[in-house]
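Heads up, the thing below is written out as C-alpha cells.
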2 protein chains.
Amino acid sequence: MFQLLRTHIEKRVRLTDEEFESITRYFSVKKLRKRQFFLQEGNVAKHIGFVNSGCLRIYTIDQKGAEHIIQFGIEDWWVADLNSYLTGQPATYNIDAMEDSELFLLEKTARDKLLDSCPKMERFFRILIESNYVATRQRIVDTLSASAEERYLKFIRTYPKLVEQIPQNQIASYLGITPQSLSRIRKELSGRQPA
Amino acid sequence: MFQLLRTHIEKRVRLTDEEFESITRYFSVKKLRKRQFFLQEGNVAKHIGFVNSGCLRIYTIDQKGAEHIIQFGIEDWWVADLNSYLTGQPATYNIDAMEDSELFLLEKTARDKLLDSCPKMERFFRILIESNYVATRQRIVDTLSASAEERYLKFIRTYPKLVEQIPQNQIASYLGITPQSLSRIRKELSGRQPA
DNA sequence: GAGTTTAATTAACATATGTTAATCTGATTT
DNA sequence: AAATCAGATTAACATATGTTAATTAAACTC
C-alpha cells in the first residue's frame with residue numbers, strides 16, 4: 001500500500017518498521033478521477049499530497065485566461081499550494097488530475113503533530129524541500145536564459161516519460177509558450193534532426 | 001553583533017539566550033569588499049552565508065557570456081549555491097558583493113552538527129526554506145506569465161529599496177532582459193505615467 | 001456511428017524583445 | 001585636467017514568439 005512512500009522517505013532518513021507504521025497513520029488515501037480538482041484557486045489548501053500513482057498539474061490562470069503550468073506531479077512527487085497550506089491564505093494555484101490518480105494526503109494539523117512527535121520527519125521535510133528549492137531555482141535559470149526551443153529540448157531530456165504521457169498543449173503551458181509556438185518549434189526541429 | 005541574525009531566527013523559532021549563544025559559535029564572520037567573490041562557478045560551496053549588511057548577487061553566465069541574476073542577497077537574507085553546498089558538486093552559480101558587505105558563514109559540517117544537536121535549528125531551516133521555496137515558485141509564475149514591463153513594475157513594487165541601490169543593468173539581468181530593453185520600457189512608462 | 005468537443009497543425013500578420021552600434025553622462029584613475 | 005571606464009540612452013534593424021483564424025485529426029458522448 002504505502003511501499004512507494006516508504007522508499008521515498010527512506011531515501012532521506014532511515015525508519016524502523018514501527019516508525020513507518022506510525023507515520024502512515026497521519027496520512028489518508030484519496031483517489032482522483034481524470035480532470036478532478038485536488039485544489040481550486042481561492043480555497044484554502046488543507047492538505048499536501050504525495051502522488052502514489054497517476055499525474056497531476058499545478059497551474060495558475062492569468063488575467064487573460066491563459067493557464068500556466070508551474071509543475072507536473074507524477075508518481076513519487078508531492079503536490080501542494082505550499083503557501084496556502086502553510087499560511088491559511090486562499091490558494092493562488094489550481095491542482096487537478098491529468099489522469100486517474102491516487103494520493104496520500106497529509107492534513108495541516110496532522111503534519112504539525114507528525115513534525116513534533118517525529119524529528120526524523122522534520123528532517124525528512126527539510127531535506128525534501130531543500131532539493132525542491134534547488135530544482136525550482138534551476139528552472140528560473142532555464143526560463144531566463146534559454147530560448148523556447150532550448151527549454152523544450154531540455155524538457156524532453158528531463159522528462160522523457162511525461163512527453164509521451166501528456167498532451168503537447170500542456171507542455172507548451174509548462175514552457176511558457178503557446179501551443180502554436182511549440183508546434184512550430186517541433187516542425188523546425190524535425191526538419192533539422194530527422195528521426 | 002548577531003542581533004539581526006537572532007531576530008531573523010526568532011521569527012521562526014523561540015530561543016533562550018543560552019541556545020542562541022551556542023548557535024552563534026557555529027558561525028564565522030566574513031567581510032567582503034565591493035566586487036569581491038563569495039563563490040565562483042566551478043568551486044565547491046563550503047558555506048552558506050547570512051547577509052548581515054550590504055548586498056550580494058547570485059548569478060550564472062550562459063554560453064554567450066550573458067549574466068543572469070537569480071537572486072539578490074540583501075540584509076536579512078541568505079546567499080548560497082545550495083546544490084553545491086548540499087551535494088559537494090562544483091557550483092554552477094557565482095556569488096559576489098555589489099557593495100561592501102558583512103556575512104555570517106555557516107560551514108557544511110558545522111551546520112550538520114548544529115542540525116543534529118539542536119532540533120530547533122532543524123525546524124528553523126525547514127521553515128526558512130519552505131518560504132524561500134514559495135517565493136521562488138512565485139517568481140516562476142511571474143516569469144512565465146508577465147511581460148518584461150509587468151515584471152519591472154512588480155520588481156519596483158516588491159523591492160523599492162533595491163531600485164535605488166543598484167544599477168539598472170543589474171535589474172535588467174534579474175528580469176531576464178537586456179539593459180537596452182529595460183531602458184526602452186522605462187521610457188515608455190515615463191511617457192504614460194508622468195512623474 | 002453521427003455528432004461534438006479537444007488537440008495539433010499551418011499560415012499570415014503583429015508585437016515584444018534582442019542585436020548592433022553610436023552617443024552621452026558621470027565616476028574613477030592617473 | 002586628461003584620460004579612461006562603466007552605465008544609460010537612443011535608433012535602426014532582426015528575430016522569436018504571440019495572435020488570429022482556418023483546417024485537420026483524434027477522442028469522447030449520445
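Quick note on labels: first sequence line is chain A, next is B, and so on, each numbered from 1.
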### Query
Where is the tightest heavy-atom contact between B:V163 and B:I156, given as atom of each residue plus distance?
CG2-CA, 3.9 Å

### Query
Which atom names give the shortest non-hydrogen contact between A:G73 and A:V79, and what distance separates them?
CA-CG1, 3.8 Å

### Query
Does C:dA8 have OP1 or OP2 sitting under 4.0 Å from an N or O in the side chain of A:K187?
no

Proximity of [X] and [Y] rings by center, below 6.0 Å:
X     : Y      : value
B:F2  : B:F104 : yes
B:F72 : B:Y159 : no
B:F27 : B:H47  : no

### NZ/NE/NH1/NH2 to OD/OE distance under 4.0 Å, B:D17 and B:R6
yes

### Message
Please verify the inter-ring angle class for B:H8 with B:F124; under 30° counts as parallel, over 60° as perpendicular, anything in between as tilted.
### Response
perpendicular

Distance, nearest 0.5 Å, that separates [atom1] of [X] from [atom2] of [Y]:
X     : Y      : atom1 : atom2 : answer
B:D76 : B:K11  : CG    : NZ    : 4.0 Å
A:D96 : A:R57  : CG    : CZ    : 4.0 Å
A:N83 : B:E130 : CG    : CD    : 11.0 Å

If I take atom [atom1] in residue [X] and atom [atom2] in nucleotide [N], what distance separates them, rounded to the nearest angstrom?
X      : N      : atom1 : atom2 : answer
A:L189 : C:dT9  : CG    : P     : 12 Å
A:I177 : C:dT17 : CD1   : P     : 16 Å
B:L182 : C:dG18 : CG    : P     : 10 Å
B:Y152 : C:dT17 : OH    : P     : 14 Å
A:L153 : D:dA16 : CG    : P     : 14 Å
A:E188 : C:dA11 : CD    : P     : 12 Å

Scan nucleotides 4-8 of chain D against the protein and return all N/O pairs shorter than 3.5 Å with their distances rounded to 0.1 Å.
residue : atom : partner : partner atom : Å
D:dA8   : OP1  : B:Q168  : N            : 2.7
D:dA8   : OP2  : B:Q168  : N            : 3.3
D:dA8   : OP2  : B:N169  : N            : 2.9

### Query
Under 6.0 Å from the six-membered ring centre of B:Y85 and within 45° of its axis: does the NZ or CZ of B:R111 meet both?
no

### Query
For B:K34 and B:G176, take the nucleotide of DNA chain C holding the closest heavy atom to each; which residue's nucleotide lies nearer the 5' end?
B:G176

Mind listing the N/O atom pairs, protein and nucleotides 19-22 of chain C, below 3.5 Å?
residue : atom : partner : partner atom : Å
C:dT19  : OP1  : B:K64   : NZ           : 3.2
C:dT20  : O4   : B:Q180  : NE2          : 3.3

### Message
Five pairs per end, C1' atoms only: what is the angle between the end axes of the helix from C:dG1-D:dC30 to C:dT30-D:dA1, to 10 degrees?
### Response
50°

